[in-house]
Amino acid sequence: MNELGAFLPQTNISYFTMELALRVEVHTYAGGLGVLAGDTVRSCADLELPIVFVTLLSRAGYFRQEIDAEGRQIEHPDPWDINRWAQPLAAMIGVQIEGRDVWVRPWLYVHKSDVGYAVPVLLLDTDLEQNDARDRDLTHYLYGGNEEYRLKQELLLGVGGVRILEALGFDIRTYHLNEGHAAFATVELLKRFPRRRRQSDKAEWSYDADRVRDLCVFTTHTPVEAGHDRFSYELVARIGTDLLPLEALKLFGGPDRLNMTRLALNLSGYVNGVAQRHAITARAMFPGFDVRAVTNGVHVGTWAHPAFAALYHAHYPQWMHEPEVLVRADHLPDAELWSAHEKAKTDLCALVRQHTGVELDPRVPVIGFARRMTGYKRPDLLFRDLQRLAAIAEKYPFQLVFSGKAHPADNAGKESLQVIYKAMRELSGKVPVAFLVNYDMAIAQVLVAGADVWLNNPLPPLEASGTSGMKAAVNGLLNLSMLDGWWVEGCIEGVTGWSIEDGTDAGPLYDKLEQIVLPLYYEDRTHWIWMMKQAISKIACYFNSHRMMRRYAAEAYLR
Ligand SMILES: *Cc1c(COP(=O)(O)O)cnc(C)c1O
């Protein structure tokens, strides 16, 4: 408790998230949402924000990915060494599920910054001997199980999180809900502000929702339908036995089914999307809500390769605390920049050799693609016409490195893995392709630093933001991407990277590669390096999580 005691007096902001990428050894994340939350932790610590994070312990992680020769994904539990990274706190609260009290105990993880101070993270755990056997694994599997399991996890995060903060003695003024998963926190808070009054209709109780709105900030992260949890009220009534009366819940969560996004929208005083374009999409999806835009950013200190970190340190000593100074990176000496890039690329070649046996040639451009394997991100778009791809490679050789997991229930995502594996075989001898199994933060750090071109081809407008391209730009990679998400704001054509024209097939992507990107790499290296410097100076100085958190602090937390 002592370590926590140091945080108690000043901490008045809390951040609730289902997944959180604290470090590679702590398996409490699945993809971009969790990595963004992790970069949020890291920037909060650098900026000394008085904040506490709340997430689930996820003892068994998300999953460890194995892929067989046919490209079929096999999922294994992915536990982590909890005792090494966290300590159990002597506090316990109960959350009622199916009429039983489920006991929740928090573990404390402390993130210490190199340049600022430290922030506490609470990891909620139900694996306690006090609990019924069926409840002990409720905090084991991130995004696991069925809809019932998900509902229980969301109750533990939202309701349990509010209660744990209170039990530990935190005096919280702001609850930041990262995605709808955490929206039950609003319901728990609502119960603290009852207003008894007689009304002509039957609802005897009402609640002071404005008090809750004063406390809550909600960030929505996806325009994809499946990303918004909805639960039947029948299920909610059976499992969430300690929530509000259904009529009250329906008032905020929608009449037919409990929509977690709607619940959070209705009870948060500040709501935002994660890029300008995404806020426009979200306003159209949820008319009547004032959805602002705070464009995502990445933690530059985490994503800069050591060679780039050394370069920035030599030229801009305060870059870790004030990434804005990277705006001057357009004046970096060419030779120093290229030498940092060569070191990063050597590391990538070594990783690929070690993991796959594929020998990459460091003189040949590497195109990188890594993210969750899911339909709208179209991971197999590049492989739609293998003949065309091979013909381009004959003129301008290039190499491909891919990585990414498909959610166990995402069949389209799993199929694209098989398409990629098939393409890999068919391109053998023509285009070197490597697939790095079990994408995680460690692979991401090497890949977003050591490739030359970072490819992203989602189906607009479904990419809310995307962040991997920002990580790539911190290391001078050039983005080649659909104009969607953050790239609408980040792309200056032919300066910071390139856009891919909208289209249902891969034609515009092949054209761009063949006519613009690859010729430039081979024929005008000086201009290529000029673009790398433009990418760093114009992207890293702005699309970083320090700027993002300063905005949340000023505009959302200090309302
Ligand atoms: C950054 C990151 C992502 C997100 O990638 P997007 O291209 O933004 O979807 C996913 N997984 C890991 C491990 C990452 O580091």
Side-chain angles (χ1 to χ4, degrees), residues 17 19-42 61-65 78 142-143 178-179 221-224 227 274-275 277-278 295-305 348 351 367-379 381-382 401-407 410 413 416 436-451 453-460 462-475 477 479-482 484-490 497 500 539-540 543-545 548:
T17 182
E19 54 169 310
L20 183 55
L22 294 165
R23 56 185 305 132
V24 71
E25 298 92 340
V26 176
H27 301 172
T28 51
Y29 67 98
L33 183 72
V35 176
L36 177 79
D39 281 356
T40 301
V41 171
R42 292 178 272 279
Y62 180 45
F63 68 88
R64 184 172 60 76
Q65 181 191 49
D78 196 20
L142 176 60
Y143 301 138
N178 190 43
E179 197 49 297
H221 286 270
T222 179
V224 176
V274 289
R277 167 135 199 212
H278 174 231
T295 302
N296 283 162
V298 299
H299 186 257
V300 292
T302 299
W303 297 105
H305 182 276
L348 175 60
L351 184 83
I367 301 173
F369 182 108
R371 48 186 57 83
R372 278 184 305 121
M373 295 281 146
T374 192
Y376 79 89
K377 289 181 184 269
R378 302 190 292 184
L381 185 75
L382 188 64
V401 182
F402 273 61
S403 193
K405 295 176 177 177
H407 184 277
D410 185 344
S416 48
L436 296 169
V437 176
N438 201 36
Y439 191 45
D440 65 2
M441 270 183 86
I443 292 179
Q445 278 174 319
V446 178
L447 192 46
V448 299
V453 174
W454 194 251
L455 176 66
N456 192 16
N457 42 238
L459 199 59
L462 296 180
E463 180 91 309
S465 167
T467 52
S468 62
M470 305 172 187
K471 302 168 193 168
V474 170
N475 298 291
L477 269 72
N479 277 274
L480 171 61
S481 172
M482 302 295 297
D484 198 14
W486 80 281
W487 193 232
V488 176
E489 294 159 67
I500 305 165
I539 295 172
F543 295 94
N544 58 72
S545 46
M548 176 181 83

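Predicted model only: the values in this text are computed from it and were never measured. Remember, it's 1-based here, ligands and their atoms both numbered in the order they're listed.
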query = So do Leu382 and Leu455 actually touch side chain to side chain, heavy atoms under 4.5 Å?
reply = yes

remark   = The protein heavy atom nearest to atom 12 (C) of ligand 1 is Tyr439 CE2, 3.4 Å

note = Residue, atom and distance of the protein heavy atom nearest atom 1 (C) of ligand 1 read Lys471 NZ, 1.3 Å

request  = Below 4.0 angstrom from a heavy atom of Gly466, which ligand 1 atoms are there? Numbered from 1 as shown, please.
outcome  = 8 (O)

query = Relative to the heavy atoms of Val35, which atoms of ligand 1 are at a distance of less than 4.0 Å?
reply = 12 (C), 14 (C), 15 (O)

message = Under a 4.0 angstrom heavy-atom cut-off, which atoms of ligand 1 come close to Ala444?
response = 15 (O)

Side chain, backbone, both or neither: the part of Phe369 lying under 4.0 Å from ligand 1 by heavy atom = neither

query = Is the shortest distance from a heavy atom of Thr467 to ligand 1 less than 4.0 Å?
reply = yes

request  = Return yes when Trp303 approaches ligand 1 closer than 4.0 angstrom through a heavy atom, no otherwise.
outcome  = yes

ask   = Closest non-hydrogen protein atom to atom 10 (C) of ligand 1, residue and atom name please, with distance?
value = Gly32 N, 3.4 Å

task = Could you check if a side-chain atom of Asp78 sits within less than 4.5 angstrom of a side-chain atom of Tyr62, using non-hydrogen atoms only?
result = no

task = Would you check whether Arg371 has a nitrogen or oxygen atom less than 3.5 angstrom from a nitrogen or oxygen atom of ligand 1?
result = yes

key: From the candidates Ala21, Ala472, Ser481, Ser468, the one that places a heavy atom nearest atom 7 (O) of ligand 1   = Ser468

ask   = Rounded to the nearest 0.5 Å, what separation is found between the CG atom of Leu142 and the NE2 atom of His407?
value = 8.0 Å

task = Pick one of side chain, backbone, both or neither for how Asp440 approaches ligand 1, counting any non-hydrogen atom pair under 4.0 Å.
result = backbone

note = CG of Asp484 to CG of Asn457, rounded to nearest 0.5 Å, is 11.0 Å

Identity and distance of the protein heavy atom lying nearest atom 9 (O) of ligand 1 = Lys377 NZ, 2.8 Å

